[in-house]
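Beneath this line is the structure, given in structure tokens, with notes to follow.
It should be emphasised that the depicted structure is a prediction, and the values quoted were computed from it without experimental measurement.
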Amino acid sequence: MSTGSGNRVVGMVAGEPSGDLIASRIIEGLQASDANLLCQGIGGPNMQSREFELWHPMHALSVFGYVDAIKSLPRLLGIYRDVRRRWLAQPPSVFVGVDAPDFNLRLEQHLRDAGVPTVHFVGPSIWAWRYDRIHAIKRAVSHMLVLFPFEEKIYRDAGVPVTYVGHPLASVIPHKPDRAAARARLGLDQQARILAILPGSRRSEIELLGPRFLQAAQLLRKRDPNLVCIAPMANQERRAQFEQILVQHPVPGLICLSQQDQRPCAWDAMEAADAVLLSSGTATLEAALFKRPMVISYVLSPWMRRIMAWKSGQQRPYVPWVGLPNVLLQDFAVPELLQDDATPDKLAEATWQALTDDAHIARVEQRFAALHQDLDLDTPGLAARVILDVADGRA
């Protein structure tokens with residue numbers, strides 16, 4: 001694809017499905033401002049649907065855990081050197097790194113040193129782990145775009161130009177979820193009590209959380225034999241892994257869901273459910289935007305805990321919350337059961353409250369509705385404006 005004479009070119013790298021979705025919304029905003037603009041680099045199917053010039057598919061950057069990262073290092077270095085060579089040879093008007101900080105911040109440093117302005121979207125969680133990364137960000141990034149309002153002050157105080165642009169998911173997920181329509185799409189009983197189970201998208205997450213979640217579901221079905229459990233899976237590999245665990249810890253009638261189209265099957269599961277039992281991560285924010293009471297859990301192996309403590313220099317996060325909804329609300333709005341507390345008994349007890357306690361459910365729905373309003377800005381338009389200002393030297 002030819003860039004054409006004088007046209008703006010935006011280099012972009014997104015490394016995960018959530019980044020692909022966010023980046024596609026940014027591209028939408030950029031194209032609305034400049035119809036001749038070209039976006040190129042590394043991305044996924046949502047970005048490609050916006051006429052993104054794909055150099056490498058984002059799944060080539062996917063690694064799960066430190067062992068996989070070591071094994072994948074030659075491939076990752078090859079991709080990194082290729083995109084760096086291309087953009088140094090033909091510099092883009094601006095580079096936008098979406099999440100993937102280990103890859104993007106290094107690339108942003110090289111490009112900025114060569115005179116290419118850089119924008120980073122989705123700030124690393126320096127408010128929880130490794131605040132010292134702020135120094136690398138300050139060197140590598142011309143302008144930060146952040147998803148959450150409290151992040152703006154952190155970067156501004158450190159002297160990093162920053163703009164809060166809201167969270168793009170807040171304008172995609174409806175403010176009033178349609179539980180009946182979601183159940184109809186999935187062929188589920190409209191009157192059933194339904195629990196969505198999301199043990200994560202990584203092999204290690206399903207290995208550590210899958211058995212606990214299924215044992216909790218077994219306990220819940222003793223309380224309510226008609227409880228319907230649905231488990232959306234990120235891909236066929238994770239589904240096969242989860243179904244192997246399900247053989248060892250059977251939950252009668254449990255329905256595994258697989259991705260069918262561009263809409264995440266996890267969204268259908270959350271929208272259809274009465275409550276959600278899930279792994280900490282982006283899915284917790286999605287569940288909050290669907291206004292669903294939830295129980296958040298996470299377990300790290302002893303080996304992973306040692307590596308994280310060594311890499312970060314911390315034994316625990318700076319903030320007392322792990323789940324994004326709680327971080328944003330600065331409160332334990334929903335339970336977090338981590339590490340040794342993530343027992344089947346405790347998970348079942350907390351999830352039963354999420355399913356049946358009307359006062360708790362109403363309180364959570366009200367707080368999540370207010371949170372949704374706070375996050376719902378014109379993210380594509382705001383982000384595009386900053387990116388083009390940075391490209392043109394105005395910001």
What verdict does the side-chain hydrogen bond (donor to acceptor under 3.5 Å, both in side chains) test give for Asn7 and Asn36, after you've listed the backbone C-alpha separation in whole Å, the side-chain angles of each residue and the deciding distance to 0.1 Å? CA-CA 6 Å; Asn7 290 345; Asn36 296 316; 4.7 Å; no
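- Residues Ile134 and Lys138 have side chains not in contact (no heavy-atom distance under 4.5 Å, counting atoms from C-beta outward).
- Linking Ile, Leu, Val, Met, Phe, Trp and Tyr residues whenever their side-chain heavy atoms come within less than 4.5 Å places Leu111 and Ile42 in a single cluster.
- Side-chain contact between Arg292 and Arg179 is present, with heavy atoms from C-beta onward closer than 4.5 Å.
- Note on Phe213: it does not cluster hydrophobically with Ile255, by side-chain heavy-atom contacts below 4.5 Å among ILVMFWY residues.
- Screening Leu277, Ile197, Leu227 for a side chain to side chain contact (heavy atoms under 4.5 Å, CB included) with Thr351, the sole residue that qualifies is Leu277.
- For the ring-ring contact (aromatic ring centres under 6.0 Å, His included) criterion with Tyr80, the lone passing option out of Trp55, Trp87, Phe103 is Phe103.
- Distance alone, capped at 3.5 Å, is enough to place a donor-acceptor pair between the Arg106 side chain and the Asp102 backbone.
- For the pair Pro177/Lys291, a side-chain contact is recorded, criterion being any heavy-atom separation below 4.5 Å from C-beta on.
- A donor-acceptor pair under 3.5 Å is absent between the side-chain atoms of Arg212 and the main chain of Thr343, judged by distance alone.
- Between Asp374 and Arg367 there is no salt bridge, since no side-chain N of the basic residue sits under 4.0 Å from a carboxylate O of the acidic one.
- For Arg221 (side chain) and Val251 (main-chain N/O), no donor-acceptor pair under 3.5 Å exists by modelled atom type.
- Lys346 and Glu349 are not joined by a salt bridge, as no carboxylate oxygen comes within less than 4.0 angstrom of a charged side-chain nitrogen.
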Could you go step by step and tell me if Asp82 and Arg86 meet the salt bridge (Lys or Arg N to Asp or Glu O under 4.0 Å) rule? CA-CA 6 Å; Asp82 177 62; Arg86 293 199 203 198; 3.3 Å; yes
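- For Arg239 and Glu243, the salt-bridge test passes: some basic side-chain N is under 4.0 Å from an acidic carboxylate O.
- For the pair Asp392 (side chain) and Arg394 (backbone), a donor-acceptor distance under 3.5 Å is absent.
- Connection of Leu285 to Leu377 is established within a shared hydrophobic cluster, with ILVMFWY side chains joined at heavy-atom distances below 4.5 Å, either directly or through further cluster members.
- No continuous path of hydrophobic side-chain contacts links Leu219 to Ile194 [ILVMFWY only; heavy atoms under 4.5 Å].
- Put simply, NE2 on His110 and OG1 on Thr118 are 13.0 Å apart, with the number rounded to the nearest 0.5 Å.
- In this structure the side chain of Arg8 reaches within 4.5 angstrom of the side chain of Leu388, judged on heavy atoms.
- At a threshold of 4.5 Å between non-hydrogen side-chain atoms, the residues Ser258 and Gln236 count as touching.
- A salt bridge links Arg156 with Glu152: at least one charged nitrogen is closer than 4.0 Å to a carboxylate oxygen.
- Side chain of Glu271 to main chain of Asp178: a donor-acceptor pair is present (N/O by atom type, distance under 3.5 Å, no hydrogens or angles).
- Note that CG of Asp358 is 11.0 Å distant from NE2 of His360, once rounded to the nearest 0.5 Å.
- Linking Ile, Leu, Val, Met, Phe, Trp and Tyr whenever their side-chain heavy atoms come within less than 4.5 Å puts Val13 and Leu76 in one cluster.
- Put simply, the side chain of Ile206 reaches to within 4.5 Å of the side chain of Met233, judged on heavy atoms.
- Screening Gln244, Glu237, Arg238 for a side chain to side chain donor-acceptor pair (under 3.5 Å) with Gln241, the sole residue that qualifies is Arg238.
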Test log, rule side-chain hydrogen bond (donor to acceptor under 3.5 Å, both in side chains), inputs Ser171 and Arg25: CA-CA 10 Å; Ser171 61; Arg25 300 282 287 152; 3.0 Å; yes
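- In this structure, the side chains of Leu254 and Leu214 come closer than 4.5 Å at one or more pairs of heavy atoms.
- Although no hydrogens or angles enter the test, the distance criterion places no donor-acceptor pair under 3.5 Å between the side chain of Asn226 and the main chain of Arg193.
- Every residue was checked against the side-chain hydrogen bond (donor to acceptor under 3.5 Å, both in side chains) condition with Gln218, not counting sequence neighbours, and none meets it.
- Side-chain contact between Gln90 and Val9 is absent, with no heavy-atom pair separated by less than 4.5 Å.
- Side chain of Asp20 to main chain of Gly44: a donor-acceptor pair is present (N/O by atom type, distance under 3.5 Å, no hydrogens or angles).
- Shown here are the side-chain hydrogen bond (donor to acceptor under 3.5 Å, both in side chains) partners of Tyr164, two or more places apart in sequence or in another chain: there are none.
- Not one N or O on the side chain of His167 forms a donor-acceptor pair closer than 3.5 Å with the backbone of Phe148.
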